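Everything numeric in this text was worked out from a predicted model, so none of it was measured.
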Amino acid sequence: MIQVLDALTIDQIAAGEVIERPLSIVKELVENAIDADSSAITVEIRGGGTDSIRVTDNGCGIPADEIRTAFLRHATSKIRTAKDLLSINSLGFRGEALSSISAVTKTEVITRTRDSIIGSRFTIEGGREGKLEELGCPEGTTFIIRDVFFNTPARREFLKSKTAEAGAIQECLCEFSLSHPEIRFQLIVDGKPKLKTTGDQTLRTSIYYNFGSELTSLLVPIDVTEEDMHLSGYIAKPEYSRGNRSYMNYFVNGRFIKNNVIQAAISDGYRDYLMNHRFPFTALMLELPPEALDVNVHPTKGEVRFRNEKAIYELFFHAVKNALDAITLIPEESIGTPSPEKTDIVSPTPVEKSPEPFEENRQSRDYEQQKIRTVPIVRESGIRTVSESSSFKELSAVTDPVSDHTEDSPADEPLFLKENLFREEDTPAFRIIGQVFDTYWLIEYREELLIIDQHAAHEKVLYEKFVAKMKAKTGLGQKLLAPLVLTLSGREKECLENYREAFSGLGYRWEDFGDTEILIQEIPADFLNLDAKEIFIDVLDSLMTEQKGKKPEMILDHLATISCKAAVKGNNTLSVREAEALIRDMLALEEPYHCPHGRPTTIAMSKSEFEKKFKRTL
């Protein structure tokens, strides 16, 4: 039987499209506060916003005789007809926010207009109206939201942790403070201040309060006008980059959005300056006529549609690229100043030494992150590559390029691939012949010639060492004389807390330092020759892209990056003794044939293959 739903059910269904989580409530209320011509907005939350949310502004207020109407569905002061949707100048316009919020929360509003001497108080719970009464209060509006989803408890099951919800709200306030630097924003979480801006109308100041002094010192200004479009703001020099896109901020007519066209334009503008899988910081403001875009394409108003996407792409691309081309991109180094990684170390108690006798090189190379899978065949040179997907049995049958037949004899299986071959008593049989191209070591072992890539081998050794230490939680920390200060977003802090045990297992020690910063006091002893701060950020950025619910052990997947940075590079000369120690360590591993990125560490050519090539045998 078909029947019309009751009003409360309709309101809760409609609320589900607009109010997904506490963040949605904060976003809608702050947008309304901005539209009300406020110069100061304070947001206070408890329990990640599920327990309570208070949003206070000093805007124009709501007239007493319009308060009840404001909570009706599709009641708004922003537009009058459908034609107005084509030229929207406000952040809110649908008239769904207050109705949706009050349908799933216990809501209280206290407000006074600027021309009134007395204010009003109104309550509404789960869509059911309460009392409307007069009250003395300052001009502006305060919304107090309690018990989010109290009447739809199933919705609470889909919320993230209280820390995660609070972090999302903090990022939202960061976005508002960037897009509206003329407004003083304050965020208080469980009684503790997390964000406070000055409202001095300066974007650079807002960036400083949100991201810290290090990033602010690397900003490059943008100010470009093309016909009726104006693009302004800042981008960061390429030396500041992150492992995900969370620091790419761009706004259209004061609205924070996500847009594939703009994202592609910015990335292409940085293409010549950043390595693969590195992303820049941007805070760019686009102003254009309201009729040139459509913001009414998504319930959360987080997406827009441009009338001329090509022009938008060209504007962002050329603005970013020209700004980067115009600055000096050579990093400044102080001549004669020791590297802080090597000097700012407190002399510690004896620390476990790395098994490698050679110095770890600090420079890194940008290797492709995808697995290299090879086929177990004899190439024309007669050299076999050990394949990750190949078993010992598969490698025992290979194609002979000379006699053009298949050899099935186990005797022709590469000796160094035989199981249990690299026993300690066997390793003295190795003889180092020499090195070619300052990268590859030639090893004679019985009737095999082994060719070992020193970088891939060292990378594999370090990776296994890091993994073992993290699993055993035996990573030793080295105290820093000058601790490292990092400014983190709410989501980054939450991610770090989720993976605290894994980071601690490597040897990192830190503590909170203010509202948005941490103080790294110890770094892994293995990282003394590396930029431990850069590695910390890289791994944190990578972990933030993992799906919810992944275990802390997922950090193992990112230790390959650390190993690559720490490993000795090709073209770095090693002594025979150093090479011998490295080879022994590599061959002692359970699976020594591939580096963490999947590249082979070793290839082999047997004596019989030499003899075939020189026509000694057929």
- Query: For T282, does its backbone N or O pair with a side-chain atom of N249 as donor and acceptor, under 3.5 Å?
  - Reply: yes
- Smallest heavy-atom separation, E165 atom then G48 atom, equals CB-O, 3.3 Å
- Item | Audit row: E125, R128, salt bridge (charged side-chain N to carboxylate O under 4.0 Å, His left out) steps and yes/no | CA-CA 5 Å; E125 296 185 2; R128 291 185 170 88; over 6 Å; no
- Minimal non-hydrogen separation, R184 against T198, with atom names: CG-O, 3.0 Å
- Task: Take T163 and S161, measure what side chain to side chain donor-acceptor pair (under 3.5 Å) needs, and give me the verdict at the end.
- Result: CA-CA 5 Å; T163 303; S161 67; 4.7 Å; no
- Message: Going by the rule side chain to side chain donor-acceptor pair (under 3.5 Å), which residues pair with E517 if we only count those two or more places apart in sequence or in a different chain?
- Response: T487
- Task: Answer yes or no: is there a side-chain heavy-atom contact under 4.5 Å between S52 and I144?
- Result: no
- Message: In the structure I gave you, are the side-chain heavy atoms of Q186 and I188 within less than 4.5 Å of one another anywhere?
- Response: yes
- I257 side chain near Y250 side chain, heavy-atom distance below 4.5 Å: yes
- Is there a donor-acceptor pair closer than 3.5 Å between any side-chain N or O of R155 and the backbone N or O of F149? no
- Which residues share a ring pair (Phe, Tyr, Trp, His ring centres under 6.0 Å) with F122, sequence neighbours left out: F71
- Can you tell me how far the CD1 atom of I53 sits from the CD1 atom of I45, to the nearest 0.5 Å? 7.0 Å
- Query: Which is it for N210 and S177 under the side chain to side chain donor-acceptor pair (under 3.5 Å) test, yes or no, and what are the steps along the way?
  - Reply: CA-CA 9 Å; N210 282 285; S177 68; 2.9 Å; yes
- Give a yes or no answer on whether the side chain of D541 reaches the backbone of R242 with a donor-acceptor pair at less than 3.5 Å. no
- Query: Tell me the salt bridge (charged side-chain N to carboxylate O under 4.0 Å, His left out) pairs involving residues 199-218, sequence neighbours left out?
  - Reply: E214-K533
- Item | Geometric cation-pi criterion K196 and Y209, 6.0 Å radius, 45° cone | no
- Please walk me through it: do L486 and F536 pass side-chain contact (heavy atoms from CB on, under 4.5 Å)? CA-CA 10 Å; L486 281 183; F536 187 93; 3.4 Å; yes
- Minimum side-chain heavy-atom gap D512-L519 below 4.5 Å: no
- So how far is it from F251 CZ to L286 CG, rounded to the nearest 0.5 Å? 12.0 Å
- Check: F176 and I183 side chains under 4.5 Å, non-hydrogen atoms: no
- Between R21 and A164, what is the shortest heavy-atom contact and its length? NH2-O, 4.2 Å
- Message: Going by the rule ring pair (Phe, Tyr, Trp, His ring centres under 6.0 Å), which residues pair with Y247 if we only count those two or more places apart in sequence or in a different chain?
- Response: F211
- Give the intermediate values and the outcome of side chain to side chain donor-acceptor pair (under 3.5 Å) for residues T141 and T111. CA-CA 4 Å; T141 303; T111 183; 3.0 Å; yes
- Message: Does Y240 have more than 12 heavy atoms from other residues, nucleotides or ligands lying within 6.0 Å of its OH?
- Response: yes
- Item | Side chains of V30 and F185 in contact at under 4.5 Å (non-hydrogen atoms) | yes
- Item | Heavy-atom check, side chain of L203 versus side chain of M285, under 4.5 Å | yes
- Query: How far apart are the C-alpha atoms of R245 and K258, what are their side-chain angles, what is the distance that settles it, and do they pass the side-chain contact (heavy atoms from CB on, under 4.5 Å) test?
  - Reply: CA-CA 11 Å; R245 294 184 176 88; K258 291 296 183 183; 5.8 Å; no
- Message: I need the T197 OG1 to I41 CD1 distance, nearest 0.5 Å.
- Response: 9.5 Å
- Return yes if some donor-acceptor pair links the side-chain N/O of Q263 with the main-chain N/O of N260 below 3.5 Å, else return no. no
- Task: For side-chain contact (heavy atoms from CB on, under 4.5 Å), just list the numbers for E511 and I518, CA-CA rounded to whole Å, side-chain angles, deciding distance to a tenth of an Å, and then say yes or no.
- Result: CA-CA 6 Å; E511 64 180 24; I518 63 169; over 6 Å; no
- Walk me through it: do E31 and K27 pass the test salt bridge (charged side-chain N to carboxylate O under 4.0 Å, His left out)? CA-CA 6 Å; E31 285 182 347; K27 181 176 181 294; 2.8 Å; yes
- Query: Is there side-chain contact between I110 and L135, with heavy atoms separated by less than 4.5 Å?
  - Reply: yes
- Message: Test your reading of the model: is there a side-chain donor-acceptor pair from T202 to the backbone of T205, 3.5 Å cut-off?
- Response: no
- Task: Count the heavy atoms of every other residue, nucleotide or ligand shown that sit under 6.0 Å from NZ of K194, and state whether that count exceeds 12.
- Result: yes
- Determine, stepwise, if the pair R146 / E108 fulfils salt bridge (charged side-chain N to carboxylate O under 4.0 Å, His left out). CA-CA 9 Å; R146 299 184 179 91; E108 176 182 352; 3.4 Å; yes
- Item | Partners meeting side-chain contact (heavy atoms from CB on, under 4.5 Å) with P181 (sequence neighbours left out) | S206
- Query: Does any N or O in the side chain of S24 come within less than 3.5 Å of the main-chain N or O of I19, such that one atom is a donor and the other an acceptor?
  - Reply: no
- Task: Please test S232 against I222 for side-chain contact (heavy atoms from CB on, under 4.5 Å), starting from the C-alpha separation and ending with a verdict.
- Result: CA-CA 5 Å; S232 62; I222 297 284; 5.9 Å; no
- Item | Partner set under side chain to side chain donor-acceptor pair (under 3.5 Å) for N58, not counting sequence neighbours | S39
- Item | Exceeds 12 heavy-atom contacts within 6.0 angstrom, atom CZ of F306 | yes
- Quick one: closest heavy-atom pair of A283 and I207, and the distance? CB-CD1, 4.1 Å
- Can you tell me if D147 uses its side chain to pair, donor with acceptor, with the backbone of F150 under 3.5 Å? no
